Amino acid sequence: MARITKLEDIVSLCKRRGFIYQSSEIYGGLASCYDYGPLGVELKRNVRDAWWKRVVRMRDDVVGLDCSIFMHPLVWKASGHADKFADLVTVCKKCNTRTRVDHLTDHVEEHTEHVAIETAMADAQNLDKKVCPACQTVGRFTEPMAFKLMFETQMGANVDDTMTLFLRPETAQGIFVNFRNVLDSTRVKVPFGIAQIGKSFRNEVTTKAFIFRTREFEQAELEFFCEPGTDEEWYEHWKQARFDWYLNLGIKKENLRFRDHDPDELAHYAKACVDVEYKFPFGSGDWQELEGIANRTDFDLRQHQRGMRTLNSWYETKGDLGSIKLKEEAEDYHKGPLSFFDEQAKRRYIPYVIEPSAGIDRSTLAFLVDAYDEEEVRGETRNLLRFHPELAPTKVAVFPLVKKDGLPEIARNISDDLKKHFTCFYDQKGAVGRRYRRQDEAGTPFCITVDGQTKEDNTVTVRDRDSMEQIRVGTDGLKAYLLEKLGI
Ligand code: ATP
């Protein structure tokens, strides 16, 4: 029960302190859309940067990419999204609420892949025992039907050349369609990965729990291409690397776990799939997916080779995706345009792909929840966010103890100097105790106070957010001290 209250506390703190607001709030809000405020934008940027640093910059075998959101419609035919990216839904006959069939349980389950319509179909046989999550009526549901999740839009100004496009529902396909470009324009060789962070869009049936599931969200995806036969090793490698990423950024071990997909949950082409799950404080305090890691075999590249062969039909049918049939694979598909030639082994093949796919918003929520803490200090409740220094939106706050005696000028100079190295916030308003509390709530690891003694011996107090301990540090060595403590 305590954990349910905790999400409400977080939503309230996020609004109060400028982390996250409801979108278009002055117009009554737009369901399932959120805006990141001044602290939130820094936090989210730090989450994104921490992913990019570990997945791309600190490795020799991964390169980055930033694709456009709009892509050729045939991409989505080849990937399977145009035909299959749908949730099986049903409508409650009593209250008219539309719900995902796989969400119709006593407590919301998050486990079924969108593409696993067949699995959901099997579940749908027993709808008469299911409860409507909105009005609690049992067993009064319409026949389940597929609900398409991709947003459509029109591109082009002229009536004749207007084309229906989709807002991408994942960033991964942009990587697959650039596989050849990256091979030809860089010195990468299999095994190697291509990473991308960007917005994705899904017209989700049920949205819930703040930024956990929204219709516009940001994904961080890696497609790691490897030789068939080495895929199981790379799968294990990425499984561990991604789990450790969360732990190293401060997520408590007891709140993180792996959940292997059951064979009947796996997409037909996937050899293995595991979710990294976090114990989110909603629903019944259930474990929920943070990230999926899948062994996708050579499915995607082979599908895009088929897509390339289908291009003529695309023109013939004037782009009607519904009537286009994807061409069969060439017999020697393994030598196709999206194959890789291993010069040492003198062998050509389509690489297998290991895909860690994470949500930036969803992990931002997990970092917020995990960092949130309340403690009693001298009869008062102290709310704080114990962010890992790398994620903290503001690294250091600088205060003059009082607004006179030249202290603000000294504090400003210190703050201006530190700003060259990390985010630093200057504040001279109100009692110093309240200024500390505000920074605790923002998750700022260190506060520096300039006081009368500073003028005498050039030292300032440095207060640690977590222990509230204060020590005096010389202004000369302050920057080095903070950089070391922050580990950045
Ligand atoms: P679900 O079954 O929960 O709808 P999924 O298994 O289809 O999700 P993936 O397609 O594997 O999700 O997406 C990879 C990651 O992208 C997820 O683990 C999650 O972190 C993030 N993600 C997916 N959909 C959303 C969404 N609607 N809002 C926020 N993040 C999302």
Side-chain angles (χ1 to χ4, degrees), residues 20 23 31-34 36 44 47-48 51 76 79-81 84-89 99-105 108-117 119-120 123 147-151 167-173 175 195-223 238-239 242-243 245-246 251 256-262 265-267 270 272-278 280 282-283 286-296 300 353-369:
I20 299 165
S23 158
S32 113
C33 295
Y34 292 92
Y36 287 80
K44 186 175 169 187
V47 171
R48 214 189 271 135
W51 188 92
W76 306 113
S79 70
H81 287 85
K84 288 200 187 132
F85 195 57
D87 278 335
L88 200 65
V89 297
T99 313
R100 259 167 77 164
V101 167
D102 63 308
H103 282 181
L104 275 182
T105 51
V108 177
E109 301 255 357
E110 291 296 329
H111 297 155
T112 309
E113 287 260 324
H114 288 301
V115 287
I117 287 282
T119 318
D123 270 5
F147 179 83
K148 294 217 168 185
L149 296 172
M150 284 203 293
F151 284 101
L167 298 192
R168 68 179 177 201
E170 60 173 39
T171 63
Q173 298 306 322
I175 296 178
Q196 165 159 237
I197 299 180
K199 287 264 176 141
S200 294
F201 305 82
R202 297 180 188 177
N203 194 11
E204 298 279 7
V205 180
T206 356
T207 53
K208 58 166 202 169
F210 205 29
I211 54 169
F212 178 82
R213 185 186 301 286
T214 49
R215 297 196 169 104
E216 172 182 345
F217 56 97
E218 208 164 319
Q219 285 187 309
E221 297 196 292
L222 167 71
E223 306 305 323
W238 280 108
K239 216 175 125 174
R242 294 303 307 139
F243 198 80
W245 182 81
Y246 293 99
I251 295 282
L256 204 66
R257 72 173 190 193
F258 284 123
R259 190 186 69 82
D260 283 310
H261 281 213
D262 294 333
E265 258 181 279
L266 281 182
C273 188
V274 65
D275 288 343
V276 177
E277 292 190 332
Y278 180 75
F280 276 103
F282 46 75
D286 261 349
W287 292 90
Q288 310 276 346
E289 172 182 341
L290 261 190
E291 160 161 5
I293 300 152
N295 180 344
R296 299 181 61 91
D300 305 274
V353 169
I354 308 301
E355 178 193 78
S357 171
I360 294 291
D361 310 83
R362 211 175 265 190
S363 42
T364 298
L365 180 60
F367 287 122
L368 267 163
V369 169

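Remember, it's a predicted structure, so these values are computed and weren't measured experimentally. For reference, positions follow the sequence shown, starting with 1. Just so you know, ligand 1 is whichever comes first in the structure, and atom 1 is the first atom listed for that ligand.
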For Arg215, salt bridge (charged side-chain N to carboxylate O under 4.0 Å, His left out) partners two or more places apart: none
Going by the order shown, which atoms of ligand 1 are within less than 4.0 Å of some heavy atom of Phe212? 28 (N), 29 (C), 30 (N)
What atoms in ligand 1 come closer than 4.0 Å to a heavy atom of Glu289? 6 (O), 11 (O), 12 (O), 17 (C), 18 (O)
Hey, is the main chain of Glu277 close enough, under 3.5 Å, to the side chain of Arg257 for a donor-acceptor pair? no
Take every heavy atom of Leu290, measure it against each atom of ligand 1, and state whether any distance is under 4.0 Å. yes
Is Glu355 in contact with ligand 1, taking contact as a heavy-atom separation below 4.0 Å? no
Applying a 4.0 Å heavy-atom criterion (strictly less than), which segment of Arg100 is in contact with ligand 1: side chain, backbone, both, or neither? side chain
Hits for ring pair (Phe, Tyr, Trp, His ring centres under 6.0 Å) against Phe201, two or more places apart or cross-chain, chain-then-number order -> none
Heavy atoms only, cut-off 4.0 Å: how does Arg202 contact ligand 1, side chain, backbone, both, or neither? side chain
Please find out if less than 6.0 Å separates the ring center of Trp76 from that of Phe151. no
Check whether any N or O atom of Glu204, backbone or side chain, sits under 3.5 Å from an N or O atom of ligand 1, and answer yes or no. yes
Ligand 1 N/O within reach of Phe217 N/O, cut-off under 3.5 Å: no
So, Ser200 versus Gln219: side-chain donor-acceptor pair below 3.5 Å or not? yes
Output yes when a side-chain donor or acceptor of Arg48 lies under 3.5 Å from a complementary backbone atom of Gly198, and no otherwise. no
Does ligand 1 have any atom sitting under 4.0 Å from a heavy atom of Glu291? yes
Thr171 backbone acceptor or donor facing Gln196 side chain under 3.5 Å: yes
